[in-house]
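These figures come from a predicted structure and were not determined experimentally. Below, chains carry the letters A, B, ... as their sequence lines are ordered, and counting in each starts from 1.
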There are 2 protein chains.
Amino acid sequence: MGEPKWLTERELRVWEDFLAVSAKLDRRLEQQLKDEAGMSHAQYEVLVRLGRAPGGELRMTELADAALTSKSGLTYQVTQLEKAGLVRRRSCETDVRGVIASLTDEGREKLREAAPAHVTLVRELFIDGLPATQFAGLAAALSILSARLRHEADAGPAAASGSGQMADQLES
Amino acid sequence: MGEPKWLTERELRVWEDFLAVSAKLDRRLEQQLKDEAGMSHAQYEVLVRLGRAPGGELRMTELADAALTSKSGLTYQVTQLEKAGLVRRRSCETDVRGVIASLTDEGREKLREAAPAHVTLVRELFIDGLPATQFAGLAAALSILSARLRHEADAGPAAASGSGQMADQLES
DNA sequence: AGCGTGTGGTTCAAACTAGAATGAAGTGCT
DNA sequence: AGCACTTCATTCTAGTTTGAACCACACGCT
């Protein structure tokens, strides 16, 4: 790893813009949810994924994956949400080890209550304000990156051992 | 706030892709820096901003701003970095209250040492793999969002008091 | 059945985070 | 000069994060 390919000025700007946007967006959303709904973004995210799942139920591991948090992180959040009465734990019939997180009625209600302001802010900060062309560009780029990172997750450090290209799906 | 403008399916996908990309990228970089350089991404970011500043020095507030962390967060990180000998604090001549964080030679060396692997990973995960067109779209979008959030920071809750539109720059 | 390996979830310890409160010192106005 | 107001950085507190260690169970193989 003597001399890597450094970033061009442009690439650097894009990367730092990404970091800045991500950080500031996170903070604004966090703050708003805390103020108006008394919950963290992480918790909101858990409720959303549960709300979307059939029956409002999901296995812990699946939920952790969907809500972009670690397993231990999810255990913590679900415990908090359970204390607040928004989520219940029940055990899985087909696998004794399994735990199923289940959205309560209060949880669903709370979600319904918190969503409008949240969505409005996401719209204001992220969606509106981008001309259609740029939005389309952003959409395309994020879709690729998201897919890429989803698969990287398994193979992870495998890239270090030679491949790391995956150019196949790009050349189409 | 009865019924907000909900997100279309497409908008939702983009937003969630953004969250996913951001989260996964963060985790990968965090992990790599910890493994290979023994520092957190936050600390790395502080070193980078200092390294780029004239004389390797910056006022705490400016640094906090640049490194995307809160003031108290920066105080903590600088203390850590100081313990590690990578940064020094000195007081500001023109303002007694002021504190200037200054990159030490060891700090600069450490940065030089950590940067290649970090940059390579950023390249691998974020830059390469995006066709030129999509990269350009991403760049344009992030540039707009970044600028927007930079200014929002001051006006912040001002949006709540009536305006909140800023539609002027949309209709063009 | 018995054994080794993998998986699901929690617990634990340690680090990090942000905001509120604090104290000291600038700034502007009369 | 005196006073109110803002700014700079730190301290404090409480909450949150993560990976590692852990236990109990599932699964595959012989």
Side-chain angles (χ1 to χ4, degrees), chain A residues 22-35 38-46 57-84 87-102 153-154 156, chain B residues 22-24 26-35 38-46 57-84 87-102 153-154 156-157:
Chain A
S22 170
K24 289 179 182 168
L25 232 40
D26 263 358
R27 237 190 296 285
R28 293 277 262 126
L29 294 175
E30 196 73 49
Q31 181 196 343
Q32 194 230 25
L33 279 167
K34 181 94 54 187
D35 288 352
M39 72 175 86
S40 67
H41 191 194
Q43 292 174 339
Y44 179 81
E45 214 54 38
V46 168
E57 302 193 324
L58 236 36
R59 286 285 291 265
M60 291 297 276
T61 300
E62 297 175 284
L63 185 50
D65 224 48
L68 302 169
T69 185
S70 63
K71 281 193 305 179
S72 54
L74 182 68
T75 294
Y76 175 77
Q77 290 300 355
V78 167
T79 304
Q80 297 309 104
L81 289 169
E82 209 172 16
K83 280 181 198 161
V87 164
R88 233 188 343 246
R89 271 183 235 245
R90 64 182 194 77
S91 52
C92 177
E93 298 89 356
T94 71
D95 186 341
V96 188
R97 300 167 303 173
V99 171
I100 295 179
S102 168
D154 319 318
Chain B
S22 171
K24 288 180 182 167
D26 263 357
R27 238 191 293 287
R28 293 277 262 124
L29 295 174
E30 195 75 48
Q31 180 196 344
Q32 193 228 27
L33 279 167
K34 180 95 52 187
D35 288 352
M39 72 175 89
S40 68
H41 191 194
Q43 292 173 340
Y44 179 81
E45 214 54 38
V46 168
E57 301 193 325
L58 235 37
R59 287 284 291 267
M60 291 297 276
T61 300
E62 297 174 285
L63 186 50
D65 225 49
L68 303 169
T69 184
S70 63
K71 281 192 306 177
S72 56
L74 182 67
T75 295
Y76 174 77
Q77 290 300 355
V78 167
T79 304
Q80 297 307 104
L81 289 168
E82 209 172 15
K83 280 182 197 160
V87 164
R88 233 190 340 249
R89 271 183 234 245
R90 64 182 193 76
S91 53
C92 177
E93 298 89 355
T94 70
D95 187 341
V96 189
R97 299 167 304 174
V99 171
I100 295 178
S102 167
D154 319 319

When the distance from CG of B:Asp65 to C1' of D:dC8 is rounded to whole Å, what number comes out?
-> 13 Å

B:Glu45 and B:Thr69, any side-chain heavy atoms less than 4.5 Å apart | no

For atom CG of A:Asp95 and atom C1' of C:dG6, their distance in whole Å | 12 Å

With A:Ser102 as reference, evaluate A:Glu82, A:Arg90, A:Glu57, A:Arg89 under the side chain to side chain donor-acceptor pair (under 3.5 Å) test and give the passing residue.
-> A:Glu57

When all nucleic acid strands are considered with a 4.0 Å heavy-atom cut-off, which category describes B:Thr69: base, sugar-phosphate, or nothing?
-> sugar-phosphate

In whole angstroms, how far is the P atom of C:dC16 from the CD atom of B:Glu45?
-> 15 Å

Using a 4.0 Å heavy-atom cut-off across all strands, classify A:Gln77 as base, sugar-phosphate, or nothing.
-> sugar-phosphate

Any side-chain heavy-atom pair from A:Lys83 and A:Thr79 closer than 4.5 angstrom?
-> yes

Whole-Å distance between C:dG26 C1' and B:Glu93 CD?
-> 16 Å

How does protein contact run along nucleotides 9-15 of chain D, one letter per nucleotide 5' to 3', with B for base contact, S for sugar-phosphate only, - for none, heavy atoms under 4.0 Å?
-> BBB---S

Rounded to the nearest Å, what distance is computed from the CD atom of residue A:Glu82 to the C1' atom of nucleotide C:dG9?
-> 13 Å

Minimum heavy-atom distance A:Ala101-A:Met60, with the two atoms named | CB-SD, 4.2 Å

Reckon A:Ala64 touches a base, only the sugar-phosphate, or nothing at all at heavy-atom distances under 4.0 Å?
-> nothing

Is it true that atom CZ of B:Arg27 has more than 12 heavy atoms of other residues, nucleotides or ligands lying nearer than 6.0 Å?
-> yes

When every non-hydrogen atom of A:Ala67 is compared with those of A:Val46, the smallest separation belongs to CB-CG2, 4.1 Å

Could you tell me the separation between the CG atom of B:Leu63 and the P atom of D:dC8, rounded to a whole number of Å?
-> 14 Å

Could you check how far CZ of A:Arg28 sits from P of C:dG19, rounded to whole Å?
-> 12 Å

Residue whose nearest DNA chain D nucleotide is more 5′ - A:Val96 or A:Gly73 | A:Gly73

Calculate the interatomic distance between A:His41 atom NE2 and C:dT17 atom P; express it in whole Å.
-> 18 Å

On a heavy-atom basis, the closest approach of A:Ala64 and A:Ser70 is CB-O, 4.1 Å

